[in-house]
Amino acid sequence: MQMNLFAEIRALVVESLADMATRGELPAGLDMANVAVEPPRDAAHGDMATNAAMVLAKPAGLAPRVIAETLAARLAADPRITTAEVAGPGFLNLRLAPAVWQGVVGAALTEGRDFGRSTLGQGTRVNVEFVSANPTGPMHVGHTRGAVFGDALAALLDFAGFDVTREYYINDGGAQVDVLARSAYERYREANGLDPEIAEGLYPGDYLIPVGEALKAKYGDTLLDRPEADWLAEVREFATAEMMAMIREDLALLGVRMDVYSSEKALYGTGKIEGAIDTLRGMGLIYEGTLEPPKGKLPEDWEEREQTLFRSTAHGDDVDRPVKKSDGSWTYFAPDIAYHYDKVTRGYDLLIDILGADHGGYVKRLKAVVSALSGGKVPLEVKLIQLVKLWKNGAPFKMSKRAGTFVTLRDVVEQAGADVTRFVMLTRKNDAALDFDFDKVLEQSKDNPVWYVQYAHARVSSVIRKATAAGIAADDATLAAADLAKLGHEAEIGLAKKIAEWPRLVEIAARGQEPHRIAFYLYELASDLHALWNRGNDDASLRFLQEGDAATSQAKIALARATGVVISAGLGILGVTPAEEMR
RNA sequence: GCCCGCAUAGCUCAGCGGAUGAGAGCGUCGCCCUCCGAAGGCGAAGGCCCCAGGUUCGAGUCCUGGUGCGGGCACCA
C-alpha cells in the first residue's frame, strides 16, 4: 500500500470532473492530463489547490469560475475535504480534515521507511553508469561527486519504482593503461633497488610504489632488463587489477556498491566492436572520409586525413566522428559504441550516463550512437557533473598533482566522513558548480545542513528514549496504534502536512532526476521539527512527552517518529546514516 | 567561430507553468532557557529573479536573440 495524498485528491478531482461530464455539466472527452493538485505557495490559501477549472475552461468553452463553482460543491461533499473555495481567476482552494493529516502520520508509521515509495517508474529497466574512473590511479574529488550523485540517483529511481542497475565501465583498453604499466614497471625497478625513471608522461604518484613491490613479490627480478614487449601485457594486467582493487576500496569508503563492472578490454578480440560498427554500417552510418578542419583557431599540426567515420550528424551531432585512427586502429570512441550497444541489447529501457563536465563535448555523439543502435527506442540521458571547488581556512584550495596537493576521495572522506561528504555533495544540482568547504562541513550548527538534519533525527530518538525511560511505550507498533486524533494543534498538523509532501517530492525528484531535492526537503522537514520542538518551550502542551499521560504522549511521539521515519528514508536515498544521538 | 552549462537578497544557494506579498542559511539588528539538549527557536531589515523580445488565461520557471562567467571543440582516453 502506498499513500500519496496529493495523488489521492487529484484522483478525486478527476473523478468528480468525469461525473460532471456524465451529467452534462462538462463536455465529454476532455483531456485531464494538465489537471494538477498541488500545495499552494501560500499556506493561507489552503492545503491544496487545483487548476482544473483554468485548464478546462478553454476546451470546455465555459468560464473558469463556473466550472470551479460546480466542482467545489461536488468536492465539498467528500468527507476528506472541509472547504473548497473558488479563488482568483478560477483556482480551487481545498482544506482537508484533520483526520486526513493524522492519517498521514499513521501511514508513515505503518509503512516505515517504505512510506513514500512510488510506482512511478513502473519497473522501467534503467542502467545508471557512473564513476567509470580510469583504472590508473586513486579517485579524486571530482570522481567523488560523480559517485555520490550516481549512487543517490540510482537509489532515488529505485525508490520511485524503477528497476535500477548500477554500473561501472572500466576503461582498461586504451593507451592510458599502457602508461600505467610503464609507470608501475619503474616502481618495480625501484623495488628491486634500481633508480626509477619516471619520464614525462608517466604517472608519478606514490600509490604505484606498493604496486612495484607487489610486482617484485610476484616476479622477483625476472622482468628486469627485458624489452617492454616481454612484460607490458602482464604488468598492465597486474597493475590494472591493483588499481581497480583500490578504486573499489575507495567506493566502499563512500558506501557505493556497483551491481556490474564492465570492462572495455573485454570488448576487444570478441568481435563486439566490429559487430557494433557493422551494425551501424548496415544502417549506412559508417563511411570513409575526411573531416572538415574545425572552425576558429586551427591546431598547429592539423592535417587532412582519411578515416573511418560515424555519421553521427544523422542523429543530432554537429560533426561526424572518427571510429578509426588513420593507422587503422580503433579510436576510444569505438569501444564506447560497442559498450553502449551492449547496454542496449541487454534490454534496458533507459540509459543514464554520469560524466564529468569536461566530457560535455562527448554527449551528442553518445546520444547519436544510442539513438542509432536502439532505433530511437532507448533514450540516453547524460548527467554532467560540474566542478567541485575545495575551500580550506577561508581560501580556495588549489589542487596540483605536482605540488602534492592533489585531493583524493580518500582524503575527503577521512577528513569529513562519508555521511557529510555525501550529503554536502548532494546539496547542489549536478549541473552547477559546488563549493566544498572543509571548515563549514565539520561545523555543528544550522549553517551545516547535514548536522541540522541529523540533529532532528537524533532529537526524535531522544524523545523515544526518554519516553521509554518514563515508562511510556514508544515502539513503532504502539505508536502506530496511538490515538492520533489527539494531534489537533495547528503546529502539529503543520508538521504532518510537511510529512504528507514526502511521497510527492519523491516523484518530483525522480522525474527530474534531481536527488538534491531530497536534501533540501529534509532540511525543511528538520526545520519544522525543530520549530515544533521549541514551541514546547513556550507551550508545555506541545511537548512530545507529556508526563503521566501515556495516550497523549504516544500520539505526539508518533508524529515525531513519523518525521524521523521520513528523515531516515530520505537519508537512506542519499546514502547517509541517520544519527541516533549527537556527539 | 561552434557546442554544452550557469546567471535569483551583501555572500552561498532553493524555487514541479500558477494566485497584487519571490524563499532558506550566513552576515547585520532585536527577542526567547528555574522548560523533553538553546548544538535550538522567533522576529526585523535587505530583491529592475542579467537584458530584450516571444508563447500562454498566467513566466523567476518554457522559446528565440543578446550580455557575462565556467567547460569543451580533428586519430588523446
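Values reported hereafter were calculated over all heavy atoms of this structure, with side chains retained and with hydrogens, waters and symmetry mates removed. Just so it is clear, the model here is predicted, and its values are computed rather than measured. In what follows, chains carry the letters A, B, and so on, assigned in the order in which the sequence lines appear, proteins first and then strands, with residues in each chain numbered from 1.
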Peer 1: Students often get this wrong, so: under 4.0 angstrom with heavy atoms, is A/Gly360 touching a base, only sugar-phosphate, or nothing?
Peer 2: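 A/Gly360: no heavy atom of the nucleic acid under 4.0 Å.
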
Peer 1: Can you check the A/Leu532 CG to B/G41 P distance for me, whole Å?
Peer 2: 12 Å

Peer 1: Identify whether any heavy atom of A/Ala432 sits under 4.0 Å from a base atom; if not, whether one sits that close to sugar-phosphate; answer base, sugar-phosphate or nothing.
Peer 2: nothing

Peer 1: Check whether A/Phe333 forms a cation-pi arrangement with A/Arg321 (NZ or CZ under 6.0 Å from the six-membered ring centre, at most 45° off the ring normal).
Peer 2: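 No, cation not above the ring by the 6.0 Å, 45° rule.
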
Peer 1: For A/Asn34, answer base if it contacts any base atom (sugar-phosphate contacts may also be present), sugar-phosphate if it contacts only those atoms, and nothing otherwise; contact means non-hydrogen atoms under 4.0 Å.
Peer 2: nothing

Peer 1: Would you check if A/Leu291 and A/Pro322 make a side-chain contact, meaning some heavy-atom pair closer than 4.5 Å?
Peer 2: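 Of all side-chain heavy-atom pairs linking A/Pro322 with A/Leu291, at least one is under 4.5 Å.
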
Peer 1: Can A/Glu490 and A/Arg535 be counted as an ion pair, charged N to O under 4.0 angstrom?
Peer 2: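 Here A/Glu490 pairs with A/Arg535 in a salt bridge, since their nearest N and O are under 4.0 Å apart.
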
Peer 1: If you compare every side-chain N and O of A/Arg459 against the phosphate oxygens of B/A38 (OP1, OP2), does one of them come in below 4.0 Å?
Peer 2: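 Looking at the OP1 and OP2 atoms of B/A38, one of them is under 4.0 Å from a side-chain N or O of A/Arg459.
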
Peer 1: Could you check whether A/Ser326 gets within reach of a base, just the sugar-phosphate, or nothing at all, counting any heavy atom under 4.0 Å?
Peer 2: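 The residue A/Ser326 makes base contact.
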
Peer 1: Checking side-chain polar atoms at under 3.5 Å, does A/Ser461 have a donor or acceptor matched by the opposite partner on A/Glu580?
Peer 2: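 Checked: A/Ser461/A/Glu580 side chains pair up, N/O donor to acceptor below 3.5 Å.
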
Peer 1: Both A/Asp320 and A/Tyr362 contact RNA chain B. Which one's nearest nucleotide lies toward the 5' end?
Peer 2: A/Asp320

Peer 1: Between A/Trp533 and B/A38, does any side-chain N or O lie under 4.0 Å from OP1 or OP2?
Peer 2: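 For A/Trp533, the contact criterion (side-chain N or O under 4.0 Å from OP1 or OP2 of B/A38) is met.
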
Peer 1: Looking at every strand, decide which applies to A/Asp358 at a 4.0 Å heavy-atom threshold: base, sugar-phosphate, or nothing.
Peer 2: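 Sugar-phosphate, no base atom in range.
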
Peer 1: Contact class for A/Gln176 (heavy atom, under 4.0 Å): base, sugar-phosphate, or nothing?
Peer 2: sugar-phosphate

Peer 1: Considering every strand and a 4.0 Å limit on heavy-atom distances, what is the contact class for A/Val177: base, sugar-phosphate, or nothing?
Peer 2: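 If one applies the 4.0 Å heavy-atom cut-off, A/Val177 turns out to touch nothing in the nucleic acid.
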
Peer 1: OP1, OP2 of B/C16 versus side-chain N and O of A/Arg517: anything below 4.0 Å?
Peer 2: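 So the side-chain polar atoms of A/Arg517 do come within 4.0 Å of the phosphate oxygens OP1 or OP2 of B/C16, strictly under.
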
Peer 1: Once you apply a heavy-atom cut-off of 4.0 Å, does A/Tyr455 come out as touching a base, just sugar-phosphate, or nothing?
Peer 2: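 If one applies the 4.0 Å heavy-atom cut-off, A/Tyr455 turns out to touch the sugar-phosphate alone, with no base involved.
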
Peer 1: Looking across every strand, which nucleic acid part, if any, lies under 4.0 Å from A/Lys364 by heavy atom: base, sugar-phosphate, or nothing?
Peer 2: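 Sugar-phosphate, no base atom in range.
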
Peer 1: So A/Phe333, base contact, sugar-phosphate only, or nothing? Heavy-atom distance under 4.0 Å.
Peer 2: nothing

Peer 1: I need the CG-C1' distance between A/Asn51 and B/U56, as an integer number of Å.
Peer 2: 13 Å

Peer 1: For B/G60, give its Watson-Crick or G-U wobble partner with both distances under 3.5 Å, or none.
Peer 2: none

Peer 1: What nucleic acid atoms does A/Ala49 come within less than 4.0 Å of, heavy atoms only: base, sugar-phosphate, or nothing?
Peer 2: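 Touches a base.
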
Peer 1: Measuring to OP1 and OP2 of B/A77, would you say a side-chain N or O of A/His359 lies under 4.0 angstrom away?
Peer 2: no

Peer 1: Classify the nucleic acid contact of A/Gln454 as base, sugar-phosphate or nothing, counting any heavy atom under 4.0 Å across all strands shown.
Peer 2: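 Result for A/Gln454 = nothing.
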
Peer 1: Ignoring backbone atoms, establish whether A/Lys325 has a side-chain N or O less than 4.0 Å from OP1 or OP2 of B/C76.
Peer 2: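 Yes, because at least one side-chain N or O of A/Lys325 sits under 4.0 Å from OP1 or OP2 of B/C76.
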
Peer 1: Could you state the atom-to-atom distance from CG of A/Asp538 to C1' of B/U34 in whole Å?
Peer 2: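 Distance, rounded to whole Å: 15 Å.
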
Peer 1: Under 4.0 angstrom, heavy atoms only, what part of the nucleic acid is A/Asp435 near: base, sugar-phosphate, or nothing?
Peer 2: sugar-phosphate

Peer 1: Taking the six-membered ring of A/Trp330, is NZ or CZ of A/Lys325 closer than 6.0 Å to its centre and within 45° of its axis?
Peer 2: no

Peer 1: In whole angstrom, what separates A/Tyr268's OH from B/A77's P?
Peer 2: 8 Å

Peer 1: Could you check whether A/Glu167 and A/Tyr339, counting side-chain N and O atoms only, form a donor-acceptor pair closer than 3.5 Å?
Peer 2: yes

Peer 1: Do any side-chain nitrogens or oxygens of A/Lys429 fall under 4.0 Å of OP1 or OP2 in B/G15?
Peer 2: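 For B/G15, OP1/OP2 do have a side-chain N/O of A/Lys429 under 4.0 Å.
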
Peer 1: Kindly say whether, by distance alone, the side chain of A/Asn534 makes a donor-acceptor pair under 3.5 Å with the base of B/G40?
Peer 2: yes

Peer 1: Considering only side-chain heavy atoms of A/Tyr332, which listed nucleotide, B/C16, B/C76, B/U56, is closest?
Peer 2: B/C76

Peer 1: Pick the C1' atom in B/G66 and in B/C6, then give their distance to the nearest Å.
Peer 2: 16 Å

Peer 1: Applying a 4.0 Å non-hydrogen cut-off, can you work out what A/Glu38 is touching in the nucleic acid: base, sugar-phosphate, or nothing?
Peer 2: base

Peer 1: On RNA chain B, nearest-nucleotide positions of A/Glu303 versus A/Leu387: which is more 5'?
Peer 2: A/Leu387

Peer 1: CG of A/Asp431 versus C1' of B/C13: gap in Å, rounded?
Peer 2: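 For the pair A/Asp431 CG and B/C13 C1', the rounded distance is 14 Å.
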
Peer 1: Taking 4.0 Å as the cut-off, does a side-chain nitrogen or oxygen of A/Tyr203 come that near to OP1 or OP2 on B/A77?
Peer 2: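 Checking A/Tyr203 against B/A77: no side-chain N or O falls below 4.0 Å of OP1 or OP2.
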
Peer 1: Are OP1 or OP2 of B/A14 and a side-chain N or O of A/Arg428 less than 4.0 angstrom apart?
Peer 2: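 Indeed, a polar side-chain atom of A/Arg428 lies that close.
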
